[in-house]
Amino acid sequence: MKKLLLLACLALPCAAHAQTVAFTTEDYAPFNYREGKEIKGATVEQVEKVMAAIGVDYTIEVMPWARAYSLARTAPMTCVFATAHNSARDPLFKWIEPLLIDRNILITRKGSGVTAGSLDEAKKYTIGTQREDYTETILKESGFTKLDVASDFNATLRKLLNGRIDMMPISELYFEKLKADQPVEMVTVLSAQPMGIACEKGFPDDLRVKMQAALDKLIADGVQKQIYLKYGMNLSE
């Protein structure tokens with residue numbers, strides 16, 4: 001039986017790569033979000049173009065971040081985006097990046113009276129974030145203890161607008177868009193990091209290399225920048 005299985009594998013050397021790549025992400029407009037039955041966003045479009053360029057089938061599913069992240073840690077042929085690449089996460093995944101280079105800032109509700117000129121000053125306030133989001137780790141490592149952890153970004157934002165928390169971390173790129181629609185303002189900078197596609201550790205190396213090459217070309221050709229401009233955002237040079 002083992003010999004037959006070995007012969008079958010030798011006869012079908014590409015079987016592993018014939019699998020569909022399963023992408024997971026969260027509802028975090030304008031990067032990745034649902035619009036009716038369609039999944040859209042600036043990072044979604046990049047993933048779609050990368051996979052079209054290499055001709056590999058894929059799916060994209062929107063779910064709470066903790067589940068999206070957990071699946072990419074444990075499920076074969078699964079990748080989560082857009083994932084902050086830091087030293088703690090580096091050995092946990094295989095990476096394709098950057099989908100963007102972003103800063104995270106702490107914001108508050110306009111009129112809240114919340115002020116902080118530094119992270120140390122911000123520690124006296126209650127900060128909201130999302131479970132398993134990298135900002136939760138950053139806040140804890142920076143000495144923040146008054147944390148309110150929600151299931152997803154939208155739940156945290158609602159708490160901020162309702163005055164249930166004092167501040168929350170947010171992508172600076174997203175903030176530029178959000179402040180046109182919501183009464184929010186920046187307090188201070190939290191962190192800066194590359195954001196990428198994080199794939200389960202067993203993800204095929206040759207497939208990762210092809211995806212990285214396709215993303216590199218997307219950036220070199222200026223397509224990545226055009227995508228962000230389409231969604232009303234300017235990438236930092």
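Judged purely by atom type and a 3.5 angstrom limit, E172 has no side-chain atom pairing as donor or acceptor with the backbone of A192. A donor-acceptor distance shorter than 3.5 angstrom exists from the side chain of D152 to the backbone of N154, with no hydrogens or angles considered. For K123 (side chain) and S142 (main-chain N/O), a donor-acceptor pair under 3.5 Å exists by modelled atom type. Looking only at distances, no side-chain donor or acceptor of D90 sits under 3.5 Å from a matching main-chain atom of N86. A donor-acceptor pair is defined here as one N or O able to donate and one able to accept, closer than 3.5 Å; such a pair exists between the side chain of T24 and the backbone of A68. W95 places no side-chain N or O within 3.5 Å of a backbone atom of H85 that could act as its donor or acceptor partner. When atom types are taken as modelled, the side chain of Q46 and the backbone of A42 share a donor-acceptor pair closer than 3.5 angstrom. At least one donor-acceptor pair under 3.5 Å links the side chain of R89 to the backbone N or O of A84.
Using a 4.0 Å cut-off between a side-chain N of Lys or Arg and a carboxylate O of Asp or Glu, R164 and D148 do not qualify as a salt bridge. A salt bridge does not link K40 with E45: every distance from a Lys NZ or Arg NE/NH1/NH2 to an Asp or Glu carboxylate oxygen is 4.0 Å or more. Salt bridge annotation for E176-K179: present, with a cationic side-chain nitrogen under 4.0 angstrom from a carboxylate oxygen.
Linking Ile, Leu, Val, Met, Phe, Trp and Tyr residues whenever their side-chain heavy atoms come within less than 4.5 Å places V56 and L99 in a single cluster. Under the 4.5 Å side-chain heavy-atom criterion for ILVMFWY residues, no single connected hydrophobic cluster contains both L71 and F23. Both V189 and V114 are assigned to one and the same hydrophobic cluster, defined by single-linkage of ILVMFWY side chains at heavy-atom distances under 4.5 Å. Put simply, M186 and M167 are part of the same group of oily side chains (I, L, V, M, F, W, Y) that touch within less than 4.5 Å, one to the next. Both I54 and L215 are part of a single hydrophobic cluster, where members link through side-chain heavy atoms under 4.5 Å apart.
Looking at heavy atoms from C-beta onward, L92 lies in side-chain contact with R73 at the 4.5 angstrom threshold. The shortest distance between side-chain heavy atoms of N104 and I138 does not fall below 4.5 Å. F175 has its side chain within reach of I107: a pair of non-hydrogen atoms, C-beta onward, lies under 4.5 Å apart. Annotation: side chain of E141 is in contact with side chain of T137 (closest heavy-atom distance under 4.5 Å). Using a 4.5 Å cut-off on side-chain heavy atoms (C-beta onward), M77 and F203 make contact. For the pair E61/R67, a side-chain contact is recorded, criterion being any heavy-atom separation below 4.5 Å from C-beta on. You'll find the side chain of L190 reaches within 4.5 Å of the side chain of L119, heavy atoms only. By the 4.5 Å heavy-atom criterion applied to side chains, M51 and M211 are counted as neighbours.
Heavy atoms from other residues, nucleotides or ligands lying under 6.0 Å from NZ of K49 number 12 at most. Within a 6.0 Å radius of NZ in K210, no more than 12 heavy atoms belonging to other residues, nucleotides or ligands are found. By the neighbour-count criterion of 12 heavy atoms within 6.0 Å, atom NZ of K217 is sparsely surrounded, having that number or fewer from other residues, nucleotides or ligands.
Among all heavy-atom pairs drawn from L106 and A122, the shortest one is CD1-CB, 4.1 Å. Between G111 and E185 the shortest heavy-atom distance is N-OE2, 4.3 Å. Nearest heavy atoms, V80 versus A72: CG1-CB, 3.5 Å.
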- Verdict with supporting geometry, C79 and V21, side-chain contact (heavy atoms from CB on, under 4.5 Å): CA-CA 7 Å; C79 305; V21 178; 4.1 Å; yes
- F81/V47 under side-chain contact (heavy atoms from CB on, under 4.5 Å): CA gap, chis, key distance, verdict: CA-CA 9 Å; F81 72 93; V47 169; 4.0 Å; yes
- Task: Mind running side-chain contact (heavy atoms from CB on, under 4.5 Å) on R208 and I96 for me, showing each step along the way?
- Result: CA-CA 7 Å; R208 187 204 65 80; I96 300 99; 3.8 Å; yes
- Message: Test side-chain contact (heavy atoms from CB on, under 4.5 Å) on T108 and V184; report intermediate values, then the result.
- Response: CA-CA 6 Å; T108 189; V184 293; over 6 Å; no
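Taken from CZ in R158 to CG in L160, the straight-line distance is 12.0 Å, to the nearest 0.5 Å. From D27, atom CG reaches atom CD1 of I39 across 9.5 Å, with rounding to the nearest 0.5 Å. Put simply, CG on L218 and CD on Q226 are 9.0 Å apart, with the number rounded to the nearest 0.5 Å. Atom CD1 of I170 sits about 7.0 Å away from atom CG of L157, to the nearest 0.5 Å. Atom CD of E97 and atom OG1 of T83 lie 10.0 Å apart (nearest 0.5 Å).
D102 and S171 form a side-chain donor-acceptor contact under 3.5 Å, judged by distance and modelled atom types alone. Residues Y33 and E26 bring no donor and acceptor atom of their side chains to less than 3.5 Å of each other. A side-chain donor-acceptor contact under 3.5 Å links T135 and D133. Side-chain contact of Y134 with Q193: a donor-acceptor pair under 3.5 Å is present, judged by distance alone. A donor and an acceptor atom, one from each side chain of T20 and T59, are nowhere located under 3.5 Å apart. Side-chain atoms of Q130 and E136 include no donor-acceptor pair closer than 3.5 Å.
Side-chain rings of F153 and Y174 approach one another, their centers coming within less than 6.0 Å. A centroid separation of less than 6.0 Å is found between the aromatic rings of F31 and Y28.
Note on ring orientation: taking the six-membered ring where Trp is involved, the planes of Y69 and W65 are tilted (angle from 30° to 60°).
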